[in-house]
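Everything below concerns the one structure shown next.
The chains referred to below are lettered A, B, ... by the order of the sequence lines, with proteins before strands, and numbering in each begins at 1.
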Number of protein chains: 2
Amino acid sequence: MRKPVRIFEVAKEAGVSPGTVSKVLNGTQRMAAATEARVWKAVSKLGYQANLHAQILSTGRSRALGIVILDILNPHFTALVKGSGQVATERGYTVLLADAEENPKREQELIQSLRARTDGLILAGSRLTDQEIACLHSPEQPIVTVGRRIAGVPSVTVDEYTASLQLASYLVGLGCQRILYLAGPPFWVNQERERGYRNALEQAGLTPQVLSLTSPDLLGGEQASALLWTMQPFPDAVICYNDLAAIGLMASLKTLGVRVPQEVAVVAFGNHPLAAHLSPSLTHMEIPSRRLGELAVGLLVGLLEQPQEEPQPVIQYAVLRPRESSRIG
Amino acid sequence: MRKPVRIFEVAKEAGVSPGTVSKVLNGTQRMAAATEARVWKAVSKLGYQANLHAQILSTGRSRALGIVILDILNPHFTALVKGSGQVATERGYTVLLADAEENPKREQELIQSLRARTDGLILAGSRLTDQEIACLHSPEQPIVTVGRRIAGVPSVTVDEYTASLQLASYLVGLGCQRILYLAGPPFWVNQERERGYRNALEQAGLTPQVLSLTSPDLLGGEQASALLWTMQPFPDAVICYNDLAAIGLMASLKTLGVRVPQEVAVVAFGNHPLAAHLSPSLTHMEIPSRRLGELAVGLLVGLLEQPQEEPQPVIQYAVLRPRESSRIG
DNA sequence: AACTATTTGGAAAGCGCTTTCTAAATCGCT
DNA sequence: AGCGATTTAGAAAGCGCTTTCCAAATAGTT
C-alpha cells in the first residue's frame, strides 16, 4: 500500500518549497529555468499526481462538466453524450455523466450530486419543472438545457415547431388525409411538435388528431397499436414523438397484420442508428443529437469562461429523411 | 450571488461548535437531543449543504463509483450502466460514467480522471492491456472488470465459452455445414467465443472459419458483407461477435439480394433491444448486460466495504433466443 | 455526600493544495 | 560602485470539513 506522493515530498526532493512546486506545475509564476527543471525531475521521479480534491477545494473550480440525461437507453441521448465528450476534452474539461432514468426524484438527486462535483451542468431531457430548473441556474454554477426553452436559462434546442410542420406537410403532400400524432411527455419538445403538427394540418384543411404515448419508447409504441386498432376510421399516417415509439409501433402493427406503409405510413422524430436498417426503413425528421451535445458543451464552457456575456439561445434544425415507411403510392 | 453556507455559520446559528455540527450531521457521535434539534433547525434554516470536496479531502472517501465503458452507442454497455445505477444508489454510492469511445488513450485519461474522483472503478470493455489494468488495481482503489478475466483483478463475466459452444452447436443442429465466425477485437470475450466456436465445430467434424470484423458495430457488419460475398463456397451460417455487427451485416446482405435465413443464417451475441423487432428478427445468445452491471457494482462495493475478503470472480450465463434469422428448413 | 463512570461538546490539528505577500537576490544603468 | 527595477522563491494563511483528544458537566453508586 503505497501512499500517494504529496506536494511536500516533491518540494523536498527538488530542494524547494511546496509553493514553488505548485507554481511550476500550474505555470502560475515563472521560475528560474534550473529550478523548474529540478521540480519537473522530482515530479516524474516520484510520480507525483496532485490530489484533485485539495486542488478543487483550494481553487474552487473542478474543470469538470456534468451531464444529466433522461434515459441512457435512448439513442438520442447517447449520441448527444458522444458529441459532448469530444468538445469538452478540447476545451480542457472532463465530462461526468448521469442517467436520470426518467425519474424526476432521481434526477434531482443526481443534479445535486453532480453539481457538487462540477463547474456547470447540462440537462438533456429534464423532467423537472421550469421553476426548478430556473432556480438551479446561477452564474457560478450555470445550467444549460437541451431541448427545453426556459426564460433566463441558456439552452440549445432544435426548431421543433418547424421540423414538425415540415414533417406533417410532407405527409399531406403524399396525400395522407387522416394523420395522427402520437404525443410524448408534455414538455417543451412535445408542445412544439404538437403545435407544428396542428398548424400544418389546419393549413391543409385536415383535422388534427392527437393520442398520447404511455411512454416515449419501444414499449409505448407497442402499446399505442392497441389504441390505433380501435380507431374508426383508421389513420393513414402516424407521426410518432420519437423513433423508438415508431419502431415499437411498426413491430406491433406487423403482428396485427397491418402493412406499413401501404395501409398506414409511420414517421417519427429522432436519429436512431437503425432507422435505415429496419424493414420498412423508417422515415424521420433527423434530430442532430450529436451536434446538440457539442453545442451545449460549447455554450456551457463559454458561460464559465466569459461569465459576463449574455448567451443567446442556440437553435439547430432537423432534416427530413424520407424512407420506406412513408413510401406511398 | 449568494455564497454557499459554511459549517461555521450553521454552528454559530445553533450556538455550538463546527465540530458538533459535523458530528450531528454525520451521526458520528451522540449529542443531547436538544442540541441535535438546534443543529438540524439551523441546517434547514440556512439550507446548509456540506462542501463535498472538503469532505472528501478530510475523510479520504468520496462515496462515488466510476464506470468507464467502451462505447456509449453500444446497447450492451448502456444496459450495463442501467443495472449499475440502481444497485449503486441502494448501497449509497453515486455513479460517475465516462465513455472511452473505443480509444485506449482516451480511456487512460478518463480512468485517471475518474480514479481521482471515486473510491473504485468498473471497467466495462476495456481496450487496455492486462498489465495496465492489473497495475491499476489496489485495495484502496479497487478495479472491477466486466467481460475480462485478469489474474488478481476482480471481475464479472459471462461464460462466453459455453455460450459460444451452445450457439454454434445450435447451428450444427439445424444442419448448417459452413458456419463462419465473424470475430471481434482480440480481447478476452472474443477469445472465449472463438474457442467455443472452434470446439463446437471440431466436435461436429466441421471446419472452423474465422474472419475479423473491422469494428464490432453496425459499420463493421456492413463491411463484412463484402468479404462474405467473395467466399467460395458461401457460408450457410454466420455467427457475429455482437448483434450490432449482425444487424449491419443483415442490412448489407439484403441490399446484395442474399436472403436471411434462407441462404444464410445470421446469429450473434448480445441483447440489442431491437433484436426481436427486426425482420427477420435476430437469433442471439442473450448476454445479461444489465445484470452484469448490477453484479459489478455489488462486487466493487463489497471490496470497498470488506477489504479483507478475497473476491471470487462472478460468472453469469447467456441464454439462447432463437428467432427468425436462423429459422431454417 | 463523595467518588467514579459516563455523557456532552469544544479546541485544534490535520487533509493537500493554491496564492498572496514579502524578502532576498539579481540585473541594468549611470 | 551605487541605486532602483525586476526576478526568484519562501512563509504562511487560507479552502471547508472531520476527528481526535480532553475538559466540563452530569449521572450512577455506595
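Among D:dG16, C:dT19, D:dT8, the nucleotide with an atom closest to any side-chain atom of A:Lys23 is C:dT19. The side chain of A:Thr28 sits closest to C:dT19 out of C:dT19, C:dC17, D:dG10. Of the listed nucleotides (C:dT19, C:dC17, D:dG16), C:dC17 has the atom at the smallest distance from the side chain of A:Ala50. Checking D:dG10, D:dG16, D:dA9 against every side-chain atom of B:Leu57, the shortest atom distance belongs to D:dG16.
Protein atom CZ of B:Arg63 is 13 Å distant from nucleotide atom P of D:dT18, rounded to whole Å. Rounded to an integer number of Å, the gap from B:Phe8 CZ to C:dA11 C1' is 13 Å. Rounded to whole angstrom, the span from the CZ atom of B:Arg30 across to the P atom of C:dG10 amounts to 16 Å. A:Leu46 places its CG atom 15 Å from the C1' atom of C:dG16, with the value rounded to the nearest Å. The separation between B:Asn51 atom CG and C:dC15 atom C1' is 13 Å, rounded to whole Å. If you take CZ of B:Arg38 and C1' of C:dG9, they are 11 Å apart, rounded to a whole angstrom. If you take CD1 of A:Ile7 and P of C:dC17, they are 5 Å apart, rounded to a whole angstrom. As a whole-Å value, the separation of A:Glu36 CD from D:dA9 C1' is 12 Å.
Taking the nucleotide of DNA chain C with the nearest heavy atom to each of A:Gln55 and B:Ala54, the more 5' of the two is matched to B:Ala54. Position along DNA chain D of the nearest nucleotide to B:Tyr48 versus A:Ser17 favours A:Ser17 as the more 5'-ward residue.
Judged by distance alone, with hydrogens and angles left aside, the side-chain atoms of B:Glu132 form a donor-acceptor pair with the main-chain N or O of B:Thr129 at under 3.5 Å.
Contact annotation: B:Asn26 reaches the phosphate of D:dT18 (side-chain N/O to OP1 or OP2, under 4.0 Å). At the phosphate of D:dG10, OP1 or OP2 sits under 4.0 Å from a side-chain N or O atom of A:Thr20. In this structure, A:Ser22 does not reach the C:dT19 phosphate: none of its side-chain N or O atoms is under 4.0 Å from OP1 or OP2.
Nucleic acid contact class of A:Thr59 (heavy atoms, under 4.0 Å, all strands): sugar-phosphate only.
Judged by distance alone with a 3.5 Å cut-off, no donor-acceptor contact links the side chain of B:Ser58 to the base of D:dG16. One can find a donor-acceptor pair under 3.5 Å joining the base of C:dG9 and the side-chain atoms of B:Gln29.
Residue pairs meeting the ring-ring contact (aromatic ring centres under 6.0 Å, His included) criterion with at least one partner in residues 44-72 of chain A, sequence neighbours excluded, are A:His53-B:His53.
Considering only heavy atoms from C-beta on, A:Leu70 stays 4.5 Å or farther from A:Glu101 through its side chain.
Between A:Asp99 and B:Lys82 there is a salt bridge, with a side-chain nitrogen of the basic residue lying less than 4.0 Å from a carboxylate oxygen of the acidic one.
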Inset, instruction - Start with the C-alpha gap between A:Leu46 and A:Glu13, add the side-chain angles, then the distance that decides, and say whether side chain to side chain contact (heavy atoms under 4.5 Å, CB included) holds. - result: CA-CA 9 Å; A:Leu46 302 180; A:Glu13 171 79 25; 4.1 Å; yes
